[in-house]
Amino acid sequence: MRFILNVVWLVLCGLWMAIGYVIAALICFVLIVTIPFGVASLRIASYALWPFGRTTVERPDAGAGSLIGNVIWVVLAGWWLALGHIVTGIALCCTIIGIPLGIANFKLIPVSLMPLGREIVPVD
């Protein structure tokens with residue numbers, strides 16, 4: 001079931017959301033100071049491509065640096081990506097088949113707002 005949901009996700013919204021994260025990462029790589037944000041954005045892009053069967057957990061070693069970085073991330077790119085997840089989630093929830101995908105989009109909003117200090121792990 002995860003495979004089917006991931007394929008439908010990839011076709012309907014995963015590819016477009018991952019492209020958004022890659023664009024954000026490229027912008028962060030151009031600005032030398034924001035390279036850690038670019039790395040986090042690429043990590044989330046891979047999660048946005050194939051989310052079912054994986055989840056995010058907070059890293060125990062994340063500290064105040066992650067908090068400050070997340071505040072900067074929200075201002076630079078996080079709110080644009082979260083807005084993309086909101087719009088896509090609402091559009092997917094308009095159909096019965098898209099409701100699980102819309103809910104998955106809503107679950108990605110906190111990750112898109114606060115990517116630093118999180119780790120992507122398999123559900124198993």
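Residues take their numbers from the sequence shown, with the count starting at 1.
Hydrophobic clustering, with ILVMFWY side chains joined whenever heavy atoms are under 4.5 angstrom apart, keeps Leu26 apart from Leu31. Under the 4.5 Å side-chain heavy-atom criterion for Ile, Leu, Val, Met, Phe, Trp and Tyr, Trp16 and Ile109 are members of distinct hydrophobic clusters. A continuous path of Ile, Leu, Val, Met, Phe, Trp and Tyr side chains, each step under 4.5 Å between heavy atoms, connects Leu81 with Leu76, placing both in one hydrophobic cluster. At a threshold of 4.5 Å between side-chain heavy atoms, the hydrophobic network of Ile, Leu, Val, Met, Phe, Trp and Tyr places Leu10 and Val22 in two separate groups.
Salt bridge Asp124/Arg2: present, at least one basic N to carboxylate O contact under 4.0 Å.
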Acceptor/donor pairs from residues 83-93 side chains to any protein atom, 3.5 angstrom cut, sequence neighbours excluded:
unit_1: His85; atom_1: ND1; unit_2: Asn105; atom_2: OD1; d: 2.7
unit_1: His85; atom_1: NE2; unit_2: Tyr21; atom_2: OH; d: 2.8
unit_1: Thr88; atom_1: OG1; unit_2: Gly84; atom_2: O; d: 2.7

Query raised in the report: Val11 and Leu15: side chain to side chain contact (heavy atoms under 4.5 Å, CB included), yes or no, with the steps?
Result: CA-CA 7 Å; Val11 171; Leu15 183 63; over 6 Å; no

Report task. Begin with the C-alpha distance, continue with both residues' side-chain angles, and end with the deciding distance and a verdict on side chain to side chain contact (heavy atoms under 4.5 Å, CB included) for Ser46 and Arg54. Result -> CA-CA 11 Å; Ser46 71; Arg54 299 191 294 172; 4.3 Å; yes

Requested in this report: Dump the intermediate steps for side chain to side chain contact (heavy atoms under 4.5 Å, CB included) on Trp50 and Leu5, then the final yes or no.
Outcome: CA-CA 9 Å; Trp50 208 256; Leu5 282 172; over 6 Å; no

Query raised in the report: So Phe37 and Leu116, side chain to side chain contact (heavy atoms under 4.5 Å, CB included) or not? Walk me through it.
Result: CA-CA 8 Å; Phe37 302 132; Leu116 301 174; 3.3 Å; yes

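Within the structure, the salt bridge (charged side-chain N to carboxylate O under 4.0 Å, His left out) test picks out no pair touching residues 25-50 (sequence neighbours left out).
Residues Trp9 and Leu49 have side chains not in contact (no heavy-atom distance under 4.5 Å, counting atoms from C-beta outward). With a 4.5 Å cut-off on side-chain heavy atoms, Ile99 and Thr95 do not count as touching. Between Leu42 and Phe29 the shortest side-chain heavy-atom distance falls below 4.5 Å. You'll find the side chain of Pro115 reaches within 4.5 Å of the side chain of Asn70, heavy atoms only. Inter-residue side-chain proximity for Phe52 and Leu101 is flagged as met; some heavy-atom pair is nearer than 4.5 Å.
Residues that satisfy the side chain to side chain donor-acceptor pair (under 3.5 Å) test with Thr34, not counting sequence neighbours, are absent from this structure.
One N or O on the side chain of Trp73 and one on the backbone of Ser112 form a donor-acceptor pair closer than 3.5 Å.
Closest of all the heavy-atom pairs between Leu113 and Gly78 is CD2-O, 3.7 Å. The minimum heavy-atom distance linking Val111 with Lys107 is given by the pair CG2-O, 4.3 Å.
The distance from atom CG of Leu12 to atom CE of Met17, rounded to the nearest 0.5 Å, is 13.5 Å. We find the CD1-CG distance between Ile44 and Leu108 to be 8.5 Å, quoted to the nearest 0.5 Å.
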